[in-house]
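What follows is a short report on a single structure.
Side chains are part of it too, since the values below use all heavy atoms of this structure and drop only hydrogens, waters and symmetry mates.
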Amino acid sequence: MAPSAPHENQSLSASPSVVMVMVPFLAQSHLNQLLQLSHVISSYDIPVHYVGSALHNSQVKSRASNPIHVMTKIRFHDFEIPILPSPPPNPSSKTKYPEHQIPNTEATTHLREPVATLLRSLSPTAKRLVVVYDTLMASVVQDVVSLPNTEAYSFHCFSIFAAYALRCEALGQKHNIPIKDLPTVESCIPSAAVRNFVTNQLKMSHFKAGELHNSSRAIEGSFLELLSNDQILLKRLKMWGVGPLHQTIIFKDLMKDQDMYVLEWLDQQEPNSVLYISFGTTTTFSNEEIKELALGLEQSGVKFIWVLRDADKVNIFSHEEERRPQLPDGFEERMKEMGMGMVVRKWVSQVKILGHPSTGGFMSHCGWNSCMESISVGVPIAAWPMHSDQPYNALLITELLKVGVAVMEWGKREELITSSMISKAVKKLMVSDEGDEIRDRVVEMGDAVKRSVAEGGDCRLEWDSFIAHITR
């Protein structure tokens with residue numbers, strides 16, 4: 001399916017006196033989602049300012065799939081802040097939490113002063129200054145309370161189910177969650193320092209005027225209603241489900257060689273026959289895990305495209321030598337000769353691969369961006385969560401929406417996965433009656449999402465509603 005272009009506003013006359021400032025957290029998936037929302041807002045002729053460190057703004061622009069003329073509608077503010085030294089990703093760590101990225105949380109504190117200075121300079125130029133900030137950046141934008149014409153909205157990069165479950169847990173209302181055996185927060189975020197950081201950001205967010213969620217009513221409408229009607233909240237907040245934001249991507253005319261090579265190979269395969277495997281930008285596997293995954297794929301007999309990369313370094317542009325994850329001897333050559341699959345070690349366009357008719361499944365860490373991209377094009381998920389919100393997203397996928405299968409149960413996360421576990425999950429998803437039923441469900445849900453991003457659909461109405469609210 002060709003992705004939808006951003007909404008070119010026809011029915012609403014957005015006030016030019018409204019100015020928007022986007023404040024993302026300094027991690028790829030967070031950066032990317034707020035950049036996609038920036039495209040939506042700018043399509044309503046509202047000036048958008050995107051703020052961040054010079055390093056991370058360069059990172060998100062280098063990986064963006066939109067052409068330059070679309071990017072120039074957004075004004076980037078590159079602030080020079082200290083990026084603290086960090087070790088490389090650790091493949092031997094007992095947890096999959098990317099501890100090497102913890103300096104990012106500390107680096108955000110240095111953004112408060114330059115962001116406050118920017119807000120004070122923009123405030124006199126607009127009737128209303130609107131700040132949309134990542135939930136993890138509340139401390140950075142706390143100075144909005146000193147500006148009389150400014151209002152702030154938190155942006156959630158994770159599923160509404162995860163937001164609802166975590167809120168229930170924090171308020172002692174776990175009995176309201178439809179899944180009883182939820183993972184503990186401590187197991188999802190092993191670092192006490194990071195847990196404290198997250199808790200403090202949420203507590204500090206009392207000044208927000210509403211919440212935006214990168215999710216769709218077609219996927220999580222029931223949980224958006226539960227969250228919106230939460231009687232425990234001290235004040236009722238306006239909420240919008242503005243996803244799927246990746247539908248705003250306009251692909252570059254000139255694709256990268258890597259994308260061309262992968263898509264040409266997909267063109268030669270049968271519909272729904274290929275499993276796409278990628279674990280995002282924060283996962284690093286040990287060589288033992290890579291070996292078991294490779295052998296499991298081979299045993300399954302299912303064709304595949306495997307993006308095999310270590311987690312992002314804090315500075316993706318550094319020239320330090322990168323670890324090259326090791327595959328079993330002869331594996332790549334064997335798969336290539338058999339026409340069974342390929343291993344890709346560079347950044348590729350996930351949306352284009354998932355949207356290809358030959359892609360019939362996605363083995364994923366269940367980062368919310370990946371979940372949304374997969375469901376939106378009707379591709380079922382083999383769920384293997386690693387950390388943070390991912391275990392919650394995996395339960396939503398497998399237990400509630402029933403559009404995927406579990407690869408590795410969260411309770412066994414510290415055990416070495418085996419090739420037989422990989423093979424069993426892959427065959428269940430790709431070549432079984434149960435897998436066909438799962439695929440039928442996700443295709444139906446994907447069709448509903450596609451309708452939502454068309455004119456008059458739920459997603460477009462949510463965009464219009466938010467714009468009408470901030471331009472009131």
TODO: Side-chain contact test, heavy atoms from C-beta onward, threshold under 4.5 Å: evaluate it for Leu111 versus Leu26 and give yes or no.
DONE: yes
TODO: Give a yes or no answer on whether the side chain of Ser159 reaches the backbone of Asn393 with a donor-acceptor pair at less than 3.5 Å.
DONE: no
- [ ] Say whether, by atom type as modelled, one donor and one acceptor occur between the side chain of Ser228 and the main chain of Leu224 under 3.5 angstrom.
- [x] yes
Open item on the list: Which heavy atom of Pro114 sits nearest to which heavy atom of Phe79, and what is that distance?
Closed with: CB-CD2, 3.6 Å
TODO: With the side chain counted from C-beta on, respond yes when Pro244 and Ser216 share a heavy-atom pair under 4.5 Å apart, and no when they do not.
DONE: yes
Task: Heavy-atom closest pair, residues Val51 and Pro24 - done: O-CD, 3.1 Å
Open item on the list: Once side-chain contact (heavy atoms from CB on, under 4.5 Å) is applied, do any residues pair with Ser93, and if so which ones, sequence neighbours excluded?
Closed with: Asn90, Thr95
Task: Within the 6.0 Å centroid threshold, strictly below: Phe285 and Trp306 - done: no
Open item on the list: With a sphere of 6.0 Å drawn around CD of Glu151, does it hold more than 12 non-hydrogen atoms of other residues, nucleotides or ligands?
Closed with: yes
Task: Exam field: side chain Arg439 to backbone Gly360, donor-acceptor pair closer than 3.5 Å - done: yes
Task: Under 3.5 Å: donor-acceptor pair, side chain of Ser376, backbone of Glu373 - done: no
Open item on the list: Quick check: do Ile375 and Leu401 have side-chain heavy atoms less than 4.5 Å from each other?
Closed with: yes
TODO: For the pair Ser146 (side chain) and Asp143 (backbone), establish whether a donor and an acceptor sit closer than 3.5 Å, ignoring hydrogens and angles.
DONE: yes
Task: Residue from Val449, Ile160, Asp458 passing side chain to side chain contact (heavy atoms under 4.5 Å, CB included) with Arg217 - done: Asp458
TODO: Inspect the contact between Arg309 and Asp312 and indicate whether a charged nitrogen and a carboxylate oxygen are less than 4.0 angstrom apart.
DONE: yes
Open item on the list: If you compare all heavy atoms of Ala311 against all heavy atoms of His100, which two are closest, and at what distance to 0.1 Å?
Closed with: CB-CE1, 3.8 Å
TODO: May I ask you to decide if Cys157's main-chain N or O and Asp134's side chain share a donor-acceptor pair within less than 3.5 Å?
DONE: no
Open item on the list: If we ignore hydrogens and angles and just use 3.5 Å, is the side chain of Thr199 paired with the main-chain N or O of Arg195 as donor and acceptor?
Closed with: yes
Open item on the list: Quick check for you: to the nearest 0.5 Å, what is the distance between Lys96 atom NZ and Trp384 atom CH2?
Closed with: 7.0 Å
Open item on the list: Between Ser53 and His56, is there a side-chain donor-acceptor contact under 3.5 Å, judged purely by atom types and distance?
Closed with: yes
TODO: Heavy atoms only: give me the nearest His77-His49 pair and the separation to one decimal.
DONE: NE2-ND1, 2.8 Å
Open item on the list: Taking atom NZ as the centre, does Lys180 end up with more than 12 heavy-atom neighbours from other residues, nucleotides or ligands that are less than 6.0 angstrom away?
Closed with: yes
Task: Backbone of Leu416 reached by a side-chain donor or acceptor of Glu289 within 3.5 Å - done: no
Open item on the list: List the residues meeting side-chain contact (heavy atoms from CB on, under 4.5 Å) with Asn315, not counting sequence neighbours, and say none if there are none.
Closed with: Leu55, Phe317, Ser318
TODO: Any ring pair (Phe, Tyr, Trp, His ring centres under 6.0 Å) involving residues 361-383? Give me the pairs, sequence neighbours left out, ordered by first then second residue.
DONE: Tyr276-Phe362
Task: Centroid-centroid under 6.0 Å between Tyr133 and Phe207 rings - done: yes
Task: Cationic N near anionic O, under 4.0 Å, Glu414 to Lys94 - done: no
Task: Side-chain heavy-atom pair Arg75, Pro47 within 4.5 angstrom cut-off - done: no
Open item on the list: Which heavy atom of Asp78 sits nearest to which heavy atom of Asn57, and what is that distance?
Closed with: OD1-ND2, 2.7 Å
Task: Lys313 atom NZ, over 12 foreign heavy atoms within 6.0 Å - done: yes
TODO: Taking Arg472 for its side chain and His469 for its backbone only, find out whether a donor-acceptor pair lies under 3.5 Å.
DONE: yes
- [ ] Answer yes or no: are there more than 12 heavy-atom neighbours, outside Glu106 itself, under 6.0 Å from its atom CD?
- [x] yes
TODO: If the plane angle is over 60° it's perpendicular, under 30° parallel, otherwise tilted; pick one for Phe197 and Phe25.
DONE: tilted
Open item on the list: Please check: side-chain N/O of Gln390 versus main-chain N/O of Cys366, any donor-acceptor pairing under 3.5 Å?
Closed with: no
TODO: Could you tell me whether the side chain of Asp464 reaches within less than 4.5 Å of the side chain of Ile467, counting heavy atoms only?
DONE: no
TODO: List the atom of Asn149, the atom of Ser123, and the distance in Å for their closest heavy-atom pair.
DONE: OD1-OG, 2.5 Å
TODO: Please check if any side-chain donor atom of Gln350 sits under 3.5 Å from a side-chain acceptor atom of Ser370, or the reverse.
DONE: yes
